[in-house]
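In what follows, every heavy atom counts, from backbone to side chain, and hydrogens, waters and symmetry copies are set aside.
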Amino acid sequence: MSLSPRIAALLVGLVLLLSLPPVPAGANQQRSVVAPLPAVAEPDGRFGMVQAMHAPDLALQMGARWDRIIFPWSLIQKDGPDSWDQLYFTDEQIRAQAARGMTLAGVMIYTPQWASEKPEVGRPVDRPAGLYLPYDDPKNHWGQFVRKLVARHRGVVDHWIVWNEQDLYDMAIRYTWDAPYEDYVQLLKVAYLNVKEVNPNAKVILGGLAYWYDKEYNRPPYLGPMLEIMARDPEAKRHNHYFDIVSVHAYSAPLNSYAEPLIMREILELRGMKKPIWISESNVVPLDDGDHHLPAGGWRATLDQQASYVIQSMAMALAADVERYAMYKMVDEEPENNTDLWGLVRNNGSLKPAYVGYQVGATYFSKVKSAVYSWPGSREVPTAAEVKSILTSNSNRAQFIWPAQISQVTMERGRQLTTVLWNNSPAEVTHKIPANARRATLVNKYGTTETIGARDGFYSIRLPGSQHNSDLRDSSIYMIGGDPFIIDEQVAPLPTDRVVSRIEMVWPQGGASQREASKANITAQLLMPGANESVPCRYKPESVQLWRKINNGPRELVTTGVRRVANAEGVTYPVWDFNDISVAGVRGGPPPPTPTPAAEGTVDTPAAPPPPRDFIEFSVVVDGIQTDVGTWTYGGPNATDWTRPPIRPRVGCE
């Protein structure tokens, strides 16, 4: 969290550097200068930087593949609606950045003085004049600017962010947008309709939400009231509620990169909406960079802690399933608020330790297919209640509170299983995690690696304590954890698009026959497609479901299974148990005997009708993935023989 708005530097003059002056390098800065690691080999498009264009080659080397850039309306059309100045980034620079393979997202922001409703004293934070005219009206100045900007960069910039930190205000000042919720909704609506008309392939993104100003002033998160107002618009639903993506800003505490996106997702879900979440700004400002020293506190950190923050924040963002993540920002530029230098690269081109931390994260977090945050005492996949306890932990505290001493993010990356660990407390601790291979690569935050071996099925890691208690309101809260470590294992890949289910056994309870049992226990296996090979031991889908059809009737869900690891005939493999399943009324077993013919000279009596031959077809499905199911028929003339030996996987999960 940063209650000192970074945007203040823009509000004082709105002039940004086109050439970056050198910063004197003192003795401390020399010790903090680091060499870059080799370029990230497999960059992931979800990782980006704000204004990477200021050092494009370094941005590519660090693994950034999207760039958020600013288009200040107040500068571009400073002299009137017919003017167009390229004072921030030129068209040529923008096209060149896209040609490097960077996805570009543009922030449209700041009202020119002439376009303000009070042009004689107009400010960049003012509501534009004509905002409530039809979206394409020539006198709707904001709408006309959006149309021209999007048309100019169509196919080069196809993501547009509408304003920035509109929720950043207190009783005395509104930092970027001096207007109520209703006016921001109208601003968004006008932008959306113009963007989509000019470039139907473009995405419209909410201005980045800071969250913490609302929290500090006991307001609901901005997204909620905004959506309530939008719900009054009868055309909103038809137009996707005038936005495609929610953008949040998560600063200073890595836990913010987890909690804030989940809170925004919860607000959306309460209204039946589902949208991707981006973190478009994230960082912590360093206090000890060479000759540029700042007072402790104020949510700042040392350069070394900033490097820890980068890895922890990136990992937590992945655990929150954000679609894109960006750091603010690439190069220091001018000190913001006359104090803060946020860049991962200094103005003289030297690198801060956080730059290398980003490289490490972009390398070992690339191509993540799933990421789960957990902690000692939580479920392997935390329950909704466990997650909710984090999201409400700041109700009476200055920050979100870590749920335990150790934090762990486990990432599936195909043939790599990557686990990130750190210590949230000031006391050093040795922590053990289960091993999924005999050995692994241990990586520190600066990219140094070593091979470690498993002992008794575990890796043992010493985790230094945290020293980052920089919120002066409550120094008992440790925000950035101690040095993070990455454990990278080579493993069998999990199934991604298809899995095979096979019911191993259906046991009538109490040793009863199928004809007599009222309940049964069922065990199922999951196999890799195309072979009698178990899924990996670590495969833990959220829901493995038992379904049934009674006498070829409709298919219906019975229950979900409980996972355990079985070992039989020397093969270890996971199974899912479904116990106490009702089978009452099913009359299985062999058909009744053929009646004996009547003796000669006697009269046949009509044979009694055969008893009902009810049956149930059981099958198992993994929710969310294509499942090739094998059925088990319980009862009826074609009952599966439950006395036969079960079929085991040929290859186990180890």
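The six-membered or imidazole ring of W114 lies near that of H141, with a centre-to-centre distance under 6.0 Å. You'll find the ring centres of Y175 and W177 outside the 6.0 Å limit. A ring-centre distance under 6.0 Å is found for Y211 and F400.
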>> Let's go through V162 and W142 carefully: what are the C-alpha distance in whole Å and the side-chain angles of both, what is the deciding distance for side chain to side chain contact (heavy atoms under 4.5 Å, CB included) to 0.1 Å, and is it a yes or a no?
In response: CA-CA 11 Å; V162 180; W142 166 248; 4.0 Å; yes
>> Set out, in order, the CA-CA distance, both residues' side-chain angles and the distance that settles ring pair (Phe, Tyr, Trp, His ring centres under 6.0 Å) for F71 and F145, then state yes or no.
In response: CA-CA 11 Å; F71 291 88; F145 168 70; 8.3 Å; no
> Is there a salt bridge (charged side-chain N to carboxylate O under 4.0 Å, His left out) between R68 and E281 once you walk through the steps?
Replying inline: CA-CA 9 Å; R68 198 204 76 178; E281 291 187 20; 2.7 Å; yes
> Should W402 and S407 be marked as a side chain to side chain contact (heavy atoms under 4.5 Å, CB included) after you check the CA-CA gap, both sets of side-chain angles, and the distance that decides it?
Replying inline: CA-CA 8 Å; W402 294 110; S407 283; 3.3 Å; yes
> Does the side chain to side chain contact (heavy atoms under 4.5 Å, CB included) test come out yes or no for R174 and V125, once each step is laid out?
Replying inline: CA-CA 8 Å; R174 289 179 176 259; V125 300; 5.8 Å; no
>> For V381 and S374: C-alpha separation, side-chain torsions, deciding distance, then whether side chain to side chain contact (heavy atoms under 4.5 Å, CB included) applies.
In response: CA-CA 7 Å; V381 177; S374 62; over 6 Å; no
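Salt bridge annotation for R46-D44: present, with a cationic side-chain nitrogen under 4.0 angstrom from a carboxylate oxygen. The pair D471-R300 does not count as a salt bridge, with every side-chain nitrogen at least 4.0 angstrom from each carboxylate oxygen. The pair D178-R127 does not count as a salt bridge, with every side-chain nitrogen at least 4.0 angstrom from each carboxylate oxygen.
By the 30° and 60° cut-offs, the orientation of the rings of Y192 relative to H239 is perpendicular. Below 30°, between 30° and 60°, or above 60°: for Y251 and W342 the angle between ring planes is above 60°, a perpendicular geometry. Relative orientation of the F89 and H54 rings is tilted, given thresholds of 30° and 60° on the angle between their planes.
Side chain of Q359 to main chain of Q61: a donor-acceptor pair is present (N/O by atom type, distance under 3.5 Å, no hydrogens or angles). Formation of a donor-acceptor pair under 3.5 Å by the T111 side chain with backbone atoms of D126 is found in this model. Side-chain atoms of W84 never come within 3.5 Å of backbone atoms of P81 as a donor-acceptor pair (strictly under, hydrogens ignored). For E182 (side chain) and I229 (main-chain N/O), no donor-acceptor pair under 3.5 Å exists by modelled atom type. Remark: side-chain polar atoms of S116 are not paired, donor with acceptor, to backbone N or O of P128 under 3.5 angstrom. In this structure a side-chain-to-backbone donor-acceptor pair under 3.5 Å is present from S393 to I401. Side-chain atoms of Q306 come within 3.5 Å of backbone N or O of V284 as a donor-acceptor pair.
In this structure, the side-chain contact (heavy atoms from CB on, under 4.5 Å) partners of P495, at least two apart in sequence or on a different chain, are V499, M528, V535, P536, Y539, I625. Taking the salt bridge (charged side-chain N to carboxylate O under 4.0 Å, His left out) definition, one finds that R379 meets it with nothing, sequence neighbours left out. Shown here are the side-chain contact (heavy atoms from CB on, under 4.5 Å) partners of D158, two or more places apart in sequence or in another chain: N199. For the salt bridge (charged side-chain N to carboxylate O under 4.0 Å, His left out) test, no residue two or more places apart in sequence or in another chain qualifies with R65. Not counting sequence neighbours, E542 has no partner by the salt bridge (charged side-chain N to carboxylate O under 4.0 Å, His left out) test. Applying the ring-ring contact (aromatic ring centres under 6.0 Å, His included) rule to Y355 yields no partners; only residues at least two apart in sequence or on another chain are considered. Legend: residues meeting side-chain contact (heavy atoms from CB on, under 4.5 Å) with K388, ordered by chain and number and at least two apart, are E266, T392. A search for salt bridge (charged side-chain N to carboxylate O under 4.0 Å, His left out) contacts involving E92 returns R95, not counting sequence neighbours. Taking K275 as the reference, N240 meet the side chain to side chain donor-acceptor pair (under 3.5 Å) condition, with sequence neighbours excluded. By the side chain to side chain donor-acceptor pair (under 3.5 Å) test, E235 pairs with R238, sequence neighbours left out.
Using a 4.5 Å heavy-atom cutoff, the side chains of Y328 and M49 are not in contact. Contact check for T419 versus L421: side-chain heavy atoms found under the 4.5 Å cut-off. Proximity of K352 to P286: side-chain heavy atoms (C-beta onward) are separated by under 4.5 Å at one or more points. No side-chain heavy atom of N140 sits under 4.5 Å from any side-chain heavy atom of D136. Using a 4.5 Å cut-off on side-chain heavy atoms (C-beta onward), L209 and S247 make no contact. Side-chain contact between K203 and I245: present, with at least one pair of heavy atoms (C-beta onward) separated by less than 4.5 Å. Side-chain atoms of Y88 and I94, non-hydrogen and from C-beta on, never get closer than 4.5 Å to each other. A heavy-atom distance below 4.5 Å is not found between the side chains of R413 and F365.
Residue pairs that meet the side chain to side chain donor-acceptor pair (under 3.5 Å) test with at least one member in residues 219-234, sequence neighbours left out, are Y169-R219, K189-D233, D214-R219, E228-R271, D233-Y242.
At a cut-off of 3.5 Å, with distance as the only test, no side-chain donor of D137 or Q144 sits close to an acceptor on the other residue. Side-chain contact check for E260 and W212: at least one donor-acceptor pair (N or O, by modelled atom type) lies under 3.5 Å. Between the side chains of Y132 and D183, at least one donor N or O sits under 3.5 Å from an acceptor N or O. Side-chain atoms of W73 and Q77 form a donor-acceptor pair, as typed in the model, at a separation below 3.5 Å. E333 and Q51 share a donor-acceptor pair across their side chains, judged by distance under 3.5 Å alone.
Of the residues L270, V246, I277, the one that meets the side chain to side chain contact (heavy atoms under 4.5 Å, CB included) test with R265 is I277.
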Show me, pair by pair, the donor-acceptor contacts under 3.5 angstrom made by side chains of residues 317-325, not counting sequence neighbours?
| residue | atom | partner | partner atom | Å |
| --- | --- | --- | --- | --- |
| E323 | OE1 | W278 | NE1 | 2.8 |
| R324 | NH1 | G45 | O | 2.8 |
| Y325 | OH | S282 | OG | 3.2 |
| Y325 | OH | S313 | OG | 2.8 |

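A 6.0 Å sphere centred on NZ of K215 holds more than 12 heavy atoms belonging to other residues, nucleotides or ligands. Within a 6.0 Å sphere centred on NZ of K196, other residues, nucleotides and ligands contribute more than 12 heavy atoms. A 6.0 Å sphere centred on NZ of K367 holds more than 12 heavy atoms belonging to other residues, nucleotides or ligands. Atom CZ of R123 is surrounded by more than 12 heavy atoms from other residues, nucleotides or ligands within 6.0 Å. Residue E197 places its CD atom among more than 12 non-hydrogen atoms of other residues, nucleotides or ligands, all under 6.0 Å distant.
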